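Okay, structure first, notes after.
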Amino acid sequence: MALATASLRRLSLFTFSPSQSHAPQTLISLVRKRDPTLLTLRYFSSPFRPLCSASPFASPRTSGPSKELYLYNTMTRRKEQFEPRDPSKVGMYVCGVTPYDFSHIGHARAYVTFDVLFRYLKYLGYDVCYVRNFTDIDDKIIARAKESNEDPLSISARFCDEFHFDMSALQCLPPTYEPRVSDHIDQIIDMIKKIIENDCAYVVDGDVYYSVDKFPAYGRLSGRSLEDNRAGERVAVDQRKRNPADFALWKAAKEGEPSWESPWGQGRPGWHIECSAMSYVYLGHTIDIHGGGQDLIFPHHENEIAQSCAACKESSVRFWVHNGFVNVDKEKMSKSLKNFTTIRQVMELYHALALRFFLLGTHYRTTINYSKEQLDTASDRLFYIYQSLHECEVLLSAEEKPIAAEDSPPKTSECVQKLNRELRVCMSDDLHTPMVLSALSDPLKHINDLLHTRKGKREERRMESLCALERQLRVVLDILGLIPASYAEILQQLRQKALVRAGLTEAQVLEKIEERTSARKQKQYERSDEIRKELEARGISLMDNPDGTSWRPASTLSVEELQTTTS
């Protein structure tokens, strides 16, 4: 894969020849086989091409104050106006997963967060180079390989594919580049050699350690003093170190582990050096945005700063952006604590976009508490949004002549303009997605009034209003990554997930509806109410209309709520 000319000029330190051997192998047929509800995914085979097709964005806004964006910078501990080095381009590096198991909700939160930032930067008109790596060589991968008697690189390759599947289900756009450690050993070795030449690292028995004493600014990102620092959580304390906080750049080979030849003997990279080397290859010495979860601030990102500056004193990151944790019972969700829920487990009961909606309902820097009740609510709200837009789409498609959204009446124009203003204000204020979701309420209510109320049906230029509202809602949902390929398809998928959660088939629901209809005809209203409440308790809501009774997913009622409704 050829790099851009600017990138090629940066290869005086590194040689770059990305391998094609780890191209994503997951294809649409495999996606359909695993989960038939995921019908909108598209994959490409190149390791540096999109893994799924991007939704079409609205035309970029490039004039006036349109590019104003404030982001919280972890380094300065305050919100600052974002200004990239190049006025038209943004370089963003986000630390990726260590693929030794299925990804959990904490991973989903991180990559949904940076997907929204990626989308919004594109919406503002920036040309974004988004780099997200795979740590496909790591102690945890090696340990898992020993447990299962597999090759470590085979395990990591398999779970890279599983990660791609999850990200596509969550509608995360593919990064511009997705490098893997195993494809960049030469560049990593070159950077380590440069750090040693600059007297910031030392060699001990084939291991190479970074000397934190050589970097007086060490600890600035995390706010730790050098005296407080200890070895990273992935690194056992080694008495050969000059300082306990020194960390490995290169690890001498151990029997049965993957290794590569280096000036210091056979071995493999340490955890932190990979991101410094790969971010340099793709983005150069200055990165506009470097992102990841809060748990990476120390030691990973702190160590990245130290080693990058040791290799090149001009190295810098303009904005450090970190998302908050996902908690379960007030503890961070993580594999090490064994309290994690995988994305795949969630998708057994809920649509992946319901998980995305749930994650966007809390500001990205705030800790979010995971619960099935909140996923119920997110799924319910999502169904309402798509149902409203589907009904709008059906009505508009029945029109024989083109509809001009620009001809909508003042009331609608004001609603559309208000939504657009709230989108820009909220997103430009450190990606305040909960406020954007809240701003959807009035336009959706306006749509439903036009669709279902007598007054709305008689409103002048009704179709123009529906067209204008639907178009602006699509812009907002597109930036949030919540636009489905088909409203009708996703509504059916949401219904199917609701049936799974309820432990019912659609035939059984229809039987209950028929039983209730019969009870009402016989004036057995108490029994009719019992059936309704029984289904509501299992997340199935009944709706009576002139044409009969239909059903839709709904949040399940608690025991207390059921007792209240029956009293």
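Quantities reported herein were computed from a predicted structural model and do not represent experimental measurements.
Contact of the Val281 side chain with the Pro179 side chain is not registered, since no non-hydrogen atoms from C-beta on lie closer than 4.5 Å. You'll find the side chain of Cys95 reaches within 4.5 Å of the side chain of His290, heavy atoms only. Within the 4.5 Å cutoff, side-chain heavy atoms of Gln266 are placed close to those of Glu261.
Checked against the 6.0 Å centroid threshold, His301 and His272 do not count as a close aromatic pair. Aromatic rings from Tyr93 and Tyr282 are positioned such that their centres are separated by 6.0 Å or more. Residues Tyr209 and Phe247 place their aromatic rings such that the two centres sit no closer than 6.0 Å.
Closest approach of His351 to Lys497, counting heavy atoms only: N-CG, 3.8 Å. Here the closest non-hydrogen pair linking Ser276 and Gln307 is OG-NE2, 3.0 Å. Shown here for Gly206 and Trp250, the closest heavy-atom pair between the two residues is O-CD1, 3.6 Å. Summarising the geometry of Tyr202 relative to Lys241, their closest heavy-atom pair is OH-CA, 3.4 Å, with the distance given to 0.1 Å.
Figure legend: Arg132 and Tyr177 shown without cation-pi pairing, the cationic atom not lying both under 6.0 angstrom from the six-membered ring centre and within 45 degrees of its axis. Cation-pi geometry between Lys122 and Phe118 is satisfied (NZ or CZ under 6.0 Å from the ring centre, within 45° of the ring normal). For the pair Lys67 and Tyr126, the cation sits on the ring face: its NZ or CZ lies under 6.0 Å from the ring centre, inside 45° of the axis. Geometrically, Arg78 does not engage Tyr72 in a cation-pi contact, judged by NZ or CZ lying under 6.0 Å from the ring centre and within 45° of the ring axis.
Side chain to side chain, Thr377 and Glu373 fail the donor-acceptor criterion of an N or O pair below 3.5 Å. Side-chain contact, Glu314 with Thr286: no donor N or O sits under 3.5 Å from an acceptor N or O. Side chain to side chain, His104 and Gln345 fail the donor-acceptor criterion of an N or O pair below 3.5 Å. Side chain to side chain, Asn323 and Gln294 fail the donor-acceptor criterion of an N or O pair below 3.5 Å. For the residue pair Asp213 / Ser211, no side-chain donor-acceptor distance below 3.5 Å is found, with atom types taken as modelled. A donor-acceptor pair shorter than 3.5 Å cannot be found between the side chains of Tyr280 and Ser315. Counting only N and O atoms by type, the side chains of Asp127 and Ser88 include no donor and acceptor under 3.5 Å apart.
The one candidate from Arg240, Arg268, Lys251 that meets the salt bridge (charged side-chain N to carboxylate O under 4.0 Å, His left out) condition with Asp207 is Arg240. Checking Leu283, Val94, Leu121, Asn73 one by one against Ile289, the side chain to side chain contact (heavy atoms under 4.5 Å, CB included) holds for a single residue, Leu121.
A donor-acceptor pair is defined here as one N or O able to donate and one able to accept, closer than 3.5 Å; no such pair exists between the side chain of Asp138 and the backbone of Thr135. Arg109 places a side-chain N or O within 3.5 Å of a backbone atom of Gly324 that can act as its donor or acceptor partner. Proximity of a side-chain donor or acceptor of Asn198 to a complementary backbone N or O of Cys200 within less than 3.5 Å is not detected. A distance-only check finds no donor-acceptor pair linking the side chain of Asp288 to the backbone of Val317 [under 3.5 Å].
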Cys129 and Lys89: side chain to side chain contact (heavy atoms under 4.5 Å, CB included), yes or no, with the steps? CA-CA 8 Å; Cys129 182; Lys89 298 180 180 179; over 6 Å; no
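Annotation: side-chain contact (heavy atoms from CB on, under 4.5 Å) contacts of Thr366 (sequence neighbours excluded): Thr362, His363. Applying the salt bridge (charged side-chain N to carboxylate O under 4.0 Å, His left out) criterion to Asp429, with sequence neighbours excluded, gives Lys79.
For Arg158, the CZ atom is densely surrounded, since the number of other residues' heavy atoms within 6.0 Å is greater than 12.
Salt-bridge check for Arg344 with Glu162: passed, with a basic side-chain N closer than 4.0 Å to an acidic carboxylate O. Salt bridge annotation for Asp115-Arg119: present, with a cationic side-chain nitrogen under 4.0 angstrom from a carboxylate oxygen.
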